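For this chain, numbers begin at 1 and follow the sequence in order. Treat the numbers as computed from the prediction; the structure is a model and nothing was measured.
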Amino acid sequence: MVNTIKKMFKIAVTGGAGSGKSSVCNRLKELGITIISSDALAREAVAPGAAAHEKILNYFGEKVVLSDGKLNRQMLRRIIVNDDTARRSLERFIHPEISKLMQQKMAQAEQNGGRVVAVEVPLLFELGMEKQFDLIVIVSADPKLRVKRLMDRDKVSREDAEELLNVQMPDQEKVKRGGFVLSNNGSTEQLISAVNRLYENLLKISEKGLKVLDSQAIMF
């Protein structure tokens, strides 16, 4: 595969909170694909001393900062799900920095000889970033299952989990945009099997240097 691609093939992995994006990316990493996590980039963008960190502190105040200077992400989440103005302000502070870091990481991966990279981008469509990628993978799951996963993973209440999903673009809207869709309503083994099948298709597409965006959704 490395010898047949002249330019790095860029894949976006997107989906709502609790859909299983990270699990998909972890499996793709095990299969040899370079992974860039936007969550990791977000943490870097808001680290103490970063420009976004200072903007967030000035806007929200000391209540969103932990004793070690890092942001209290759970506190911020509770604030933004109930306040659209606060959510848009937070996005305005963070998203440009994440986009900048993402471009830097992808360029670095290409310089290091990478030929296929997958980037976990939760707000891909909301930020209008889909055209930056050659192929989109949408991870979808039943809302009730996603709520349960968020409650277990983040130790939040059902109400908080449901409110988070309510401010995100619905899965059916994402699926309308086309690309490959991975349904994650079953077991871990079923998801891994689906990712394996997806991987085989990714190899074929990337070797041909195709761009798969505004097409009908293909289910896995």
Next item on the list: Applying side chain to side chain donor-acceptor pair (under 3.5 Å), name anything that partners Asp154, two or more places apart in sequence or on another chain.
Entry: Arg77
Check: Taking only residues two or more places apart in sequence, or in another chain, which ones meet Lys148 in a side chain to side chain donor-acceptor pair (under 3.5 Å)?
Finding: Asp152
Check: Is there side-chain contact between Lys70 and Val65, with at least one heavy-atom pair below 4.5 Å?
Finding: no
Next item on the list: Would you list the pairs meeting ring-ring contact (aromatic ring centres under 6.0 Å, His included) in which at least one residue belongs to residues 33-55, sequence neighbours left out?
Entry: none
Item checked: Trace of the side-chain contact (heavy atoms from CB on, under 4.5 Å) decision for Lys10 with Gln132 -> CA-CA 8 Å; Lys10 301 173 183 176; Gln132 298 182 33; over 6 Å; no
Under 3.5 Å, sequence neighbours excluded: what are the donor-acceptor pairs made by side chains of residues 13-24?
residue	atom	partner	partner atom	Å
Thr14	OG1	Val121	O	2.7
Thr14	OG1	Pro122	O	3.1
Ser19	OG	Gly16	O	2.8
Lys21	NZ	Gly15	O	3.2
Lys21	NZ	Gly16	O	3.0
Ser22	OG	Glu120	OE2	3.2

Checklist line | Least distance between heavy atoms, Glu130 atom then Leu124 atom | finding: OE1-O, 3.6 Å
Checklist line | Atom pair CG/CD1 of Leu90 and Ile79 - distance to nearest 0.5 Å | finding: 9.0 Å
Next item on the list: Check whether any side-chain N or O of Gln190 sits under 3.5 Å from a backbone N or O of Ser187 as a donor-acceptor pair, and report yes or no.
Entry: yes
Next item on the list: State the CE-NZ distance between Met169 and Lys174, to the nearest 0.5 angstrom.
Entry: 6.0 Å
Notebook entry, point to check: Hey, mind stepping through Glu163 and Asp160 against side-chain contact (heavy atoms from CB on, under 4.5 Å) and telling me if it holds?
Noted result: CA-CA 5 Å; Glu163 286 178 344; Asp160 285 345; 3.9 Å; yes
Checklist line | Any residue meeting side chain to side chain donor-acceptor pair (under 3.5 Å) with Glu44, in chain and number order, not counting sequence neighbours | finding: none
Check: Out of Val181, Leu31, Leu182, Leu203, which residue meets the side-chain contact (heavy atoms from CB on, under 4.5 Å) rule with Leu198?
Finding: Leu182
Margin query: Salt bridge or not between Arg88 and Glu91? Use side-chain N to carboxylate O under 4.0 Å.
Written below: no
Checklist line | Non-neighbouring partners of Asp171 that pass salt bridge (charged side-chain N to carboxylate O under 4.0 Å, His left out), sequence neighbours left out | finding: Arg146
Next item on the list: Could you note down all residue pairs passing ring-ring contact (aromatic ring centres under 6.0 Å, His included) where residues 146-172 supplies at least one of them, sequence neighbours left out?
Entry: none
Checklist line | Separation between CG of Leu202 and CZ of Phe180, rounded to the nearest 0.5 Å | finding: 6.5 Å
Checklist line | Which residues share a salt bridge (charged side-chain N to carboxylate O under 4.0 Å, His left out) with Lys100, sequence neighbours left out | finding: Glu97
Margin query: Working note: Met129 + Ile98, criterion side-chain contact (heavy atoms from CB on, under 4.5 Å); need CA distance, chi angles, decisive distance, verdict.
Written below: CA-CA 12 Å; Met129 298 174 64; Ile98 294 176; over 6 Å; no
Notebook entry, point to check: Taking only residues two or more places apart in sequence or in another chain, which ones pass salt bridge (charged side-chain N to carboxylate O under 4.0 Å, His left out) with Asp68?
Noted result: none
Notebook entry, point to check: From Leu101 CG over to Ile94 CD1, what is the distance, rounded to the nearest 0.5 angstrom?
Noted result: 11.5 Å
Notebook entry, point to check: What are the two closest non-hydrogen atoms of Pro143 and Leu165, and how far apart are they?
Noted result: O-CD1, 3.7 Å
Note to self: According to ring pair (Phe, Tyr, Trp, His ring centres under 6.0 Å), who are the partners of Phe93, at least two apart in sequence or on a separate chain?
What the structure shows: Tyr59
Next item on the list: Please say which of Glu110, Met8, Lys105 ends up in a side-chain contact (heavy atoms from CB on, under 4.5 Å) with Val117.
Entry: Met8
Next item on the list: Kindly give the heavy-atom pair with the smallest separation between Ala45 and Ala50, and that separation in Å.
Entry: O-CB, 3.2 Å
Checklist line | Co-membership, hydrophobic cluster, residues Ile80 and Leu57, 4.5 Å side-chain | finding: yes
Note to self: Rounded at 0.5 Å granularity, tell me how far CE in Met102 sits from CD1 in Ile36.
What the structure shows: 8.0 Å
Margin query: Testing the basics here: between Val156 and Leu150, what is the closest heavy-atom pair and its distance to 0.1 Å?
Written below: CG2-O, 3.7 Å
Notebook entry, point to check: Under the 3.5 angstrom rule, does the side chain of Ser193 hit a backbone N or O of Glu189 as a donor-acceptor pair?
Noted result: no
Checklist line | side chain to side chain donor-acceptor pair (under 3.5 Å) partners for Gln74, two or more places apart | finding: none
Next item on the list: Taking the side chain as every heavy atom from C-beta outward, state whether Leu71 and Phe60 have any atom pair closer than 4.5 Å.
Entry: no
Notebook entry, point to check: Can you name the salt bridge (charged side-chain N to carboxylate O under 4.0 Å, His left out) partners of Asp83, sequence neighbours left out?
Noted result: none
Note to self: Working to the nearest 0.5 angstrom, can you tell me the gap between Ile35 CD1 and Ile11 CD1?
What the structure shows: 7.5 Å
Margin query: For a salt bridge (charged side-chain N to carboxylate O under 4.0 Å, His left out) check, start with the C-alpha distance between Glu30 and Arg27, then their side-chain angles and the critical distance, and finish with the verdict.
Written below: CA-CA 5 Å; Glu30 291 174 351; Arg27 180 55 183 164; 2.9 Å; yes
